[in-house]
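Have a look at the structure below, then the notes.
Just so you know, ligand 1 is whichever comes first in the structure, and atom 1 is the first atom listed for that ligand.
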Amino acid sequence: MIEVERIQNVDLDYLTYLLNISTHDEEIFRTADEIRRRYVGEEIHLRAIIEFSNICTQNCLYCGLRAENKDIKRYRMPLESIIERAELISELGIKTVVLQSGEDPYYTTERVTQLITEIRKFNLAITLSIGERKFEEYKIWKQAGADRYLMRHETASPELYAKLHPHDSFENRKAHLLELKRLGYETGAGCMVGLPGQTPRDLALDLAFLKELDADMIGIGPFIPNADTPLANEKGGDLQTTLKMVALARIVVPTANIPATTALGSIHPLGRQLGMKYGANVIMPNLTPNPYRPNYSLYPGKICLFEKDTACVECTKNMITGLGLKVGSGYGYRIEKVRAQ
Ligand code: SAH
Ligand code: SF4
């Protein structure tokens with residue numbers, strides 16, 4: 001029998017042990033599913049994502065959008081197109097939009113504020129995922145009406161973080177996430193699984209950090225090597241370990257909103273379904289319009305590059321109902337009070 005209390009107390013030795021062997025995986029999965037049911041219920045929330053720019057000044061070693069990658073076609077969506085797209089999302093009955101991009105200075109404090117002000121009119125919860133910005137900007141955007149901010153911590157191992165991020169540190173990333181929390185954002189963190197050199201102990205540190213932050217949203221996906229990056233020849237993260245991390249995250253932060261990530265769906269045809277079976281309660285249909293969509297190439301093999309660009313909405317809804325779960329009808333804010341016990 002697994003010791004749920006030791007998981008929830010983020011006992012690092014115990015978590016490392018569980019991550020090292022597969023003996024207890026089925027029980028971890030079952031426990032995560034029960035906890036998901038008990039704390040956040042049967043609803044799976046849809047968050048429509050618009051990847052509005054693939055221009056980035058950063059050089060994260062794993063990412064296809066890194067500034068030094070000259071092999072992708074770069075784009076920036078005009079503000080009007082982003083706003084139009086948000087309106088369409090609202091018309092499709094979705095209640096949350098995620099605005100994601102590389103760290104792109106074109107979208108200044110004022111431009112992002114304008115986006116928030118306009119998009120709020122469509123009665124959508126707004127999530128920003130545009131990387132590290134000035135603390136002052138986070139404050140202005142919160143006041144303008146942004147509700148949530150997604151910025152994965154990527155890895156909670158300071159050494160590994162430093163290797164993967166030229167000119168950045170885990171300490172700095174953490175300071176940003178704490179500031180977002182302090183400002184009242186629903187704050188999303190999360191990590192990649194299977195990064196080069198990452199150990200089970202490092203993954204245990206990720207879970208401990210998610211608990212310390214009391215992350216409102218937790219995005220966990222496999223690392224997928226991208227041929228256009230310095231990590232081209234590395235091995236990627238595997239399905240089982242990624243699912244185990246999703247399940248453990250659910251046990252560690254029972255009321256968090258946890259997506260079945262696109263990366264999980266990209267390494268296995270049923271990756272996202274399995275994620276929802278083992279703890280996830282959010283899915284993020286891709287609403288990036290064409291012709292831009294295929295150019296948001298974080299990693300190869302990314303799913304959902306359809307011709308009919310609203311197809312992801314129906315597809316994800318069918319996935320949810322196919323699993324016997326319900327499509328969320330509200331904004332999907334984090335449940336404030338623990339539902340049971
Ligand atoms: N620039 C923003 C948002 C875009 S990147 C930011 O960095 O926060 C969104 C996420 O894509 C990152 O947090 C990272 O975890 C993930 N990602 C990037 N490259 C990846 C790869 N090769 N494999 C898997 N996930 C990757
Ligand atoms: Fe830029 Fe985000 Fe990719 Fe890093 S992970 S290179 S910040 S888009």
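- Among all non-hydrogen protein atoms, the one lying nearest atom 8 (O) of ligand 1 is Arg173 NH2, 4.0 Å.
- Of all the heavy atoms of Cys63, the ones lying under 4.0 Å from any atom of ligand 1 are found in both the backbone and the side chain.
- Taking the centre and axis of the six-membered ring of Tyr106, the NZ or CZ atom of Arg111 falls inside the cone set by 45° and 6.0 Å.
- For Lys139 (side chain) and Lys134 (main-chain N/O), no donor-acceptor pair under 3.5 Å exists by modelled atom type.
- Considering backbone and side-chain N/O atoms, Glu154 comes within less than 3.5 Å of an N/O atom of ligand 1.
- Looking only at protein heavy atoms, the nearest one to atom 6 (C) of ligand 1 is Gly131 CA, 4.2 Å.
- Across the listed options Asn226, Ile224, Asp104, Ile130, Ile224 owns the non-hydrogen atom lying nearest to atom 21 (C) of ligand 1.
- Counting only heavy atoms, the protein gets under 4.0 Å from atom 5 (S) of ligand 2.
- Around NZ of Lys95, the count of heavy atoms belonging to other residues, nucleotides or ligands within 6.0 Å exceeds 12.
- In terms of N/O distances under 3.5 Å, ligand 1 is not approached by Ser129.
- If you check the side chains of His153 and Tyr161, you find no donor sitting under 3.5 Å from an acceptor.
- The closest heavy-atom contact to atom 3 (Fe) of ligand 2, among the options Cys56, Gly64, Cys63, comes from Cys63.
- The aromatic rings of Phe29 and Tyr278 sit parallel to each other, their planes meeting at less than 30°, with 60° as the upper class boundary.
- In this structure, the protein non-hydrogen atom closest to atom 16 (C) of ligand 1 is Arg152 NH1, 3.9 Å.
- Set against the non-hydrogen atoms of Arg66, the atoms of ligand 2 under 4.0 Å away are 6 (S).
- The closest non-hydrogen atom to atom 26 (C) of ligand 1, taken over Gln58, Met192, His176, Gln100, comes from Met192.
- For ligand 1 and Leu298, the ligand atoms under 4.0 Å from any heavy atom of the residue are 5 (S), 11 (O), 19 (N), 22 (N).
- Taking each of Phe223, Tyr299, Tyr296, Tyr62 in turn, the one with a heavy atom nearest to atom 4 (C) of ligand 1 proves to be Tyr296.
- Looking at Gly64 next to ligand 1, no N or O pair under 3.5 Å apart turns up.
- Distance screen at 4.0 Å: atom 10 (C) of ligand 1 has no protein heavy-atom neighbour inside the cut-off.
- The cationic atom of Arg148 (NZ for Lys, CZ for Arg) lies less than 6.0 Å from the six-membered ring centre of Tyr333 and within 45° of the ring axis.
- With Asp206 contributing its side chain and Cys191 its backbone, the two residues share no donor-acceptor pair below 3.5 Å.
- A donor-acceptor pair shorter than 3.5 Å can be found between the side chains of Asp238 and Thr241.
- When Gly131, Gly102, Ala67, Ser53 are checked for heavy-atom proximity to atom 8 (S) of ligand 2, Gly102 turns out nearest.
- Here the closest non-hydrogen pair linking Pro225 and Glu234 is CG-O, 3.3 Å.
- Annotation: cation-pi pair Arg6/Tyr14 present, NZ/CZ under 6.0 Å from the ring centroid and within 45° of its normal.
- The closest side-chain heavy-atom distance from Phe209 to Leu177 is below 4.5 Å.
- If you number the atoms of ligand 2 from 1 as listed, the ones under 4.0 Å from a heavy atom of Cys60 come out as 4 (Fe), 5 (S), 6 (S), 7 (S).
- Shortest contact from atom 24 (C) of ligand 1 to any protein heavy atom: Pro222 O, 3.2 Å.
- Heavy-atom neighbours of Glu307 CD from other residues, nucleotides or ligands within 6.0 Å: at or below the threshold of 12.
- The distance criterion of under 3.5 Å between nitrogen or oxygen atoms is met by Ser101 with respect to ligand 1.
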